[in-house]
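Following: one structure in structure tokens, then a few remarks.
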Amino acid sequence: MSRWVLHVDLDQFLAAVEQRRHPELAGRPVIVGGNGDPAARTVVATASYEAREFGVHSGMPMRLAARKCPDAVFLPADNPAYEAASEEVMAVLRGFPVVVEVIGWDEAFLQWDGEGPEALAREIQAEVRARTGLSCAVGIGDNTLRAKMATGFAKPGGVHRITVHNWFATLGGEPTEALHGIGTKTARKLADLGIHTVVQLAEASPTAVGERLGPRMGPYYVSLGRGMGRTEMEASPYVPRSRSRETTFPANLEDWTAVLAEVSALSARVAEDVTAEGRDVARVGVKVRYAPFLTRTRSTTLPAPTRDPAVLEAAALEVAGWFPQDRAVRLLGVRAEFVE
């Protein structure tokens with residue numbers, strides 16, 4: 001009997017939930033984000049596949065999305081609705097003989113011991129669609145990384161398998177940033193070492209990479225190149241790692257005093273979320289987006305875990321003071337990271 005990891009990823013989740021409760025939107029380009037105003041200085045949370053055909057994607061400014069797809073339906077984000085829809089799907093998954101590890105609203109890893117994982121994947125897809133009306137892609141692997149990478153080939157609504165046997169045949173020639181967990185900045189650092197592809201990363205010396213990217217992260221990135229990941233899932237309920245609030249201003253903030261006032265206000269909102277969560281905070285972070293679109297983040301570890309609003313505000317203001325104050329600010333965010 002073989003052990004398999006299945007990665008279930010809901011297709012265009014936020015947009016699909018909106019299309020489910022507004023059937024008249026089926027087949028139309030739908031863009032979800034912010035308060036739903038395409039003229040607002042917010043970003044796209046999710047775009048339906050119909051909107052993606054026009055070049056719209058998550059993280060894109062709403063104004064640019066409106067220019068690319070002017071006939072789209074723009075909707076505000078409704079987090080409670082998405083949380084409820086996520087719970088529906090996860091309840092379906094838990095009805096199968098698998099260990100379910102929820103890793104977000106729209107995705108989960110499943111641990112399954114058996115043969116013929118494709119058949120199980122298609123059963124899961126059919127049950128999710130029948131009971132929730134939502135579509136999902138399923139990646140199959142012999143560990144978490146390979147299953148998650150397989151999902152990229154399965155979307156939308158398909159099934160794909162990547163294991164040790166076809167890892168390099170599938171991804172060996174791809175750039176390192178194709179791997180989940182490697183972003184543009186890390187890829188540039190790897191390129192400085194002459195490492196451009198997944199197979200080059202896999203063949204690299206963990207020690208040499210560690211000298212450039214750190215003794216912990218260097219070997220970790222090499223392990224990604226080799227396709228290594230977990231095979232044991234944790235069935236405990238999904239618990240958010242952090243709570244954050246952010247706001248995009250209608251007009252740029254030029255006065256740093258006003259910036260600090262907004263940081264205090266965001267801290268108060270985060271503190272309310274932390275209180276509702278009933279968990280202590282270990283780190284506080286601040287995000288600053290300068291005009292036109294340069295984003296920077298910094299954070300600090302608290303002297304001791306706490307949920308005290310005054311301590312959280314003081315930490316956020318301290319971190320905000322580390323940013324350059326000579327540029328106009330268009331967005332601010334405050335994040336509280338919970339004790340693990």
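Throughout, residue positions are numbered sequentially from 1 according to the sequence presented. Keep in mind that this is a model prediction, so the values were computed, not measured.
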Working for salt bridge (Lys or Arg N to Asp or Glu O under 4.0 Å), residues Glu88 and Arg20: CA-CA 13 Å; Glu88 290 181 53; Arg20 182 179 70 166; 3.1 Å; yes
Salt-bridged, [X] to [Y], with N to O below 4.0 Å?
X	Y	value
Glu118	Arg161	yes
Asp142	Arg3	no
Glu337	Arg241	no
Glu107	Lys148	yes

Which other residues belong to the hydrophobic cluster containing Tyr221, where Ile, Leu, Val, Met, Phe, Trp and Tyr are joined when side-chain heavy atoms lie under 4.5 Å apart, directly or via other members?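 Besides Tyr221, the hydrophobic cluster comprises Leu145, Met149, Phe153, Ile162, Trp167, Phe168, Leu171, Leu179, Ile182, Leu190, Leu193, Ile195, Val198, Val199, Leu201, Val209, Leu213, Met217, Tyr220, Val222, Leu224, listed by chain and residue number.
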Given 3.5 Å as the limit, does a donor-acceptor pair link the side chain of [X] with the main chain of [Y], or not?
X	Y	value
Arg226	Ala202	yes
Glu246	Leu331	no
Gln125	Cys136	yes
Ser86	Trp105	yes
Asp113	Trp4	no
Gln12	Tyr49	yes
Arg243	Arg335	no
Arg131	Val92	no
Gln200	His196	yes
Glu101	Met233	no

Just wondering, are more than 12 heavy atoms of other shown residues or ligands nearer than 6.0 Å to NE2 in His180? no
How close do [X] and [Y] get, counting heavy atoms only, and between which atoms?
X	Y	value
Ala316	Ser267	CB-OG, 3.2 Å
Val138	Ala121	CG1-CB, 3.6 Å
Phe54	Cys69	CD1-SG, 3.6 Å
Ala320	Val263	CB-CG2, 4.1 Å
Ala315	Leu302	CB-CD2, 3.6 Å
Arg298	Val319	O-CG1, 3.4 Å

Are [X] and [Y] connected in the hydrophobic side-chain network, where two residues link if heavy atoms are under 4.5 Å apart?
X	Y	value
Phe323	Val259	yes
Val56	Val43	no
Phe109	Val164	no

Give, for atom [atom1] of [X] and atom [atom2] of [Y], the distance between the pair rounded to the nearest 0.5 Å.
X	Y	atom1	atom2	result
Thr151	Arg146	OG1	CZ	14.0 Å
Glu50	Leu25	CD	CG	10.0 Å
Ser264	Arg269	OG	CZ	13.5 Å
Arg129	Asp11	CZ	CG	8.0 Å
Thr170	His165	OG1	NE2	12.0 Å
Leu14	Ser58	CG	OG	8.0 Å

For the residue pair [Y] / [X], report whether a side-chain donor-acceptor contact shorter than 3.5 Å exists.
X	Y	answer
Thr301	Arg283	yes
Tyr82	Glu87	no
Thr144	Arg230	no

Residue pairs passing the ring-ring contact (aromatic ring centres under 6.0 Å, His included) test where at least one lies in residues 253-307, sequence neighbours excluded: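 Passing the test, one end in residues 253-307: no pairs.
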Find out whether the Lys NZ or Arg CZ of Arg279 is both under 6.0 angstrom from the six-membered ring centre of Phe338 and within 45° of the ring's axis.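 Judged by the rule (NZ or CZ under 6.0 Å from the ring centre, within 45° of its axis), Arg279 counts as positioned above Phe338.
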Evaluate the salt bridge (Lys or Arg N to Asp or Glu O under 4.0 Å) criterion for residues Asp78 and Arg21: first the C-alpha distance (whole Å), next the side-chain angles of each, then the deciding distance (0.1 Å), finally the verdict. CA-CA 12 Å; Asp78 185 351; Arg21 62 180 180 173; 2.9 Å; yes
